[in-house]
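What follows is one structure encoded as structure tokens, with my remarks underneath.
Along the sequence shown, residues carry numbers from 1. Note that the coordinates shown come from a computational prediction; the quantities given were computed from them, not determined experimentally. As the structure lists them, so they are numbered: ligands from 1, and atoms in each ligand from 1.
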Amino acid sequence: MDNKQSISIITGIMAKFINYTGKHLPDDVLVKLKELRDSEDQKLARLVYETMFDNLEKAIQLDRPICQDTGVLNFFIRVGSNFPYLAQLGDILKEAVKIATIESPLRHNAVQIFDEVNTGDNTGERTPFIHWDIVDDNDYVEIESYMAGGGCSLPGRAITLMPSQGYEAIVEYVFDTMVDWGINACPPLLIGIGIAGSVENAALLSKKAILRPIGTHHPNPKGAKMEEMLEKGLNEVGIGPQGISGNSSVMGVHIESAARHPSTISVAINVGCWAHRRGFIRIKSDLSYEILSHKGVTL
Ligand code: SF4
């Protein structure tokens, strides 16, 4: 098989993967949504959960995306320096998005800045957004995909605080943001928080935080404790599914952090909605693949 054929096969795999993840939630999100539905005791909130599950079933039956807003595609990549298609990967993902836009279909969500023109194929300036980590020696690529919808991107915020304001100020910022904006993002929400020394680092980490599987914890026990307390506190606000009030507001709170400058503490928030369309695929140099977010699935 020549290089051209191999690239075409990877493009096809990624186009199908994007299509699939727009129509099927990852395993961990499904488990969490079922848990929240089963523990909900308010009648109307339970009905909303039932409607969500009905929606999920219909998406599969009718072969349609779970939500009309299929978002802007984000890819977070860990690629081995020996992966033979490393140089072509950016173009492969762009092409895969164009194909999925037609075949899935995906809503046209790429509007060029300043020209204010919708490109019509979900690609554009730095879109799909790709974040790269190059890993020494490996010969495979791991791709985390995320469909960033408008509603769930709306509460995104970042700020740099004075260190003297302490971790209490982070908690206050998270609560203020979620109370003001959370309802726009189709709860129950997955809250990603990035803590670092500058806003751009915190913002990137907050996005990485919502890519972590639900149920995982910050490696530092103090970070894990803060995640647990924020989750408990936000649930007590009782936003409920779709904001109609209920037992829960969130599917989880994830914090990712980086060492900060002594004079600053920056915090950023990113939010995933109930239709948290995240995927994780590993493609090897022999073109075999494994989907880690949706166990046992072949495309
Ligand atoms: S927030 Fe999520 S479920 Fe709600 S409209 Fe946007 S993408 Fe769809």
Side-chain angles (χ1 to χ4, degrees), residues 17-34 36-37 40 44-76 97 100-101 104-111 118 122 127-129 144-157 174 177-193 206-207 209-212 214 234 237 239-246 248-254 268-279 293-294:
F17 180 65
I18 295 164
N19 180 5
Y20 188 87
T21 53
K23 294 168 182 170
H24 302 78
L25 290 183
D27 301 339
D28 60 320
V29 175
L30 278 176
V31 167
K32 189 69 195 182
L33 281 174
K34 280 179 188 157
L36 296 183
R37 176 194 64 188
E40 180 58 67
L44 192 56
R46 234 190 131 90
L47 188 66
V48 174
Y49 282 117
E50 296 298 347
T51 309
M52 286 170 177
F53 280 96
D54 189 36
N55 182 119
L56 291 171
E57 236 178 80
K58 289 224 162 53
I60 296 168
Q61 279 167 12
L62 302 171
D63 193 30
R64 287 182 195 163
I66 296 163
C67 178
Q68 42 75 37
D69 184 356
T70 45
V72 172
L73 263 300
N74 287 205
F75 297 107
F76 286 75
V97 168
T101 297
S104 195
L106 307 178
R107 196 173 86 175
H108 302 168
N109 276 338
V111 177
N118 191 321
N122 281 309
T127 300
F129 177 82
E144 287 178 281
S145 65
Y146 176 61
M147 290 180 166
C152 44
S153 298
L154 203 59
R157 293 285 181 281
V174 170
T177 304
M178 294 330 300
V179 168
D180 287 348
W181 291 96
I183 200 169
N184 293 285
C186 296
L189 309 172
L190 182 59
I191 313 292
I193 299 169
S206 68
K207 180 54 77 67
I210 59 169
L211 299 178
R212 244 174 53 199
I214 295 173
L234 286 167
V237 173
I239 295 172
Q242 294 293 4
I244 55 140
S245 85
S248 311
S249 311
V250 299
M251 295 191 282
V253 176
H254 293 173
I269 300 168
N270 245 298
V271 166
C273 60
W274 78 271
H276 190 51
R277 291 146 303 166
R278 161 168 52 70
S293 49
H294 303 68

Is the backbone N or O of [Y] less than 3.5 Å from a side-chain atom of [X], with the two atoms forming a donor-acceptor pair by type?
X: H294; Y: H24; answer: yes
X: N74; Y: A148; answer: no
X: N184; Y: P155; answer: no

Tell me which protein heavy atom sits closest to [atom], plus the residue, atom name and distance to 0.1 Å.
atom: atom 4 (Fe) of ligand 1; result: C186 SG, 2.3 Å
atom: atom 6 (Fe) of ligand 1; result: G151 N, 3.8 Å
atom: atom 8 (Fe) of ligand 1; result: C67 SG, 2.3 Å
atom: atom 2 (Fe) of ligand 1; result: C273 SG, 2.4 Å

Item to check | Short N/O/S contact of C152 with atom 4 (Fe) of ligand 1 (below 2.8 Å) | outcome: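 No, since none of the N, O or S atoms of C152 sits under 2.8 Å from atom 4 (Fe) of ligand 1.
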Checklist entry - Near R64 CZ, under 6.0 Å, is it more than 12 heavy atoms from other residues, nucleotides or ligands? => result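 No - once you tally the heavy atoms of other residues, nucleotides and ligands closer than 6.0 Å, there are 12 at most.
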Checklist entry - Which atoms of ligand 1 have any heavy atom of W274 under 4.0 Å away? => result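 Ligand 1 atoms under the 4.0 Å threshold to W274: 3 (S).
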Next on the checklist: Under 4.0 Å, heavy-atom basis, I'd like to know which part of R277 is in contact with ligand 1: side chain, backbone, both or neither.
Outcome noted: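 Near ligand 1, R277 shows its side chain, while the N, CA, C and O stay back.
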Checklist entry - How does A185 reach ligand 1, by side chain, by backbone, by both or by neither, if only non-hydrogen atoms under 4.0 Å count? => result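 Just the backbone.
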Checklist entry - Does a side-chain heavy-atom distance below 4.5 Å link C67 with R277? => result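 The answer is yes; the side chains approach within 4.5 Å.
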Item to check | Salt bridge present between D54 and K58 (N-O < 4.0 angstrom) | outcome: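 Looking at K58 together with D54, the answer is yes, because their closest N to O distance falls below 4.0 Å.
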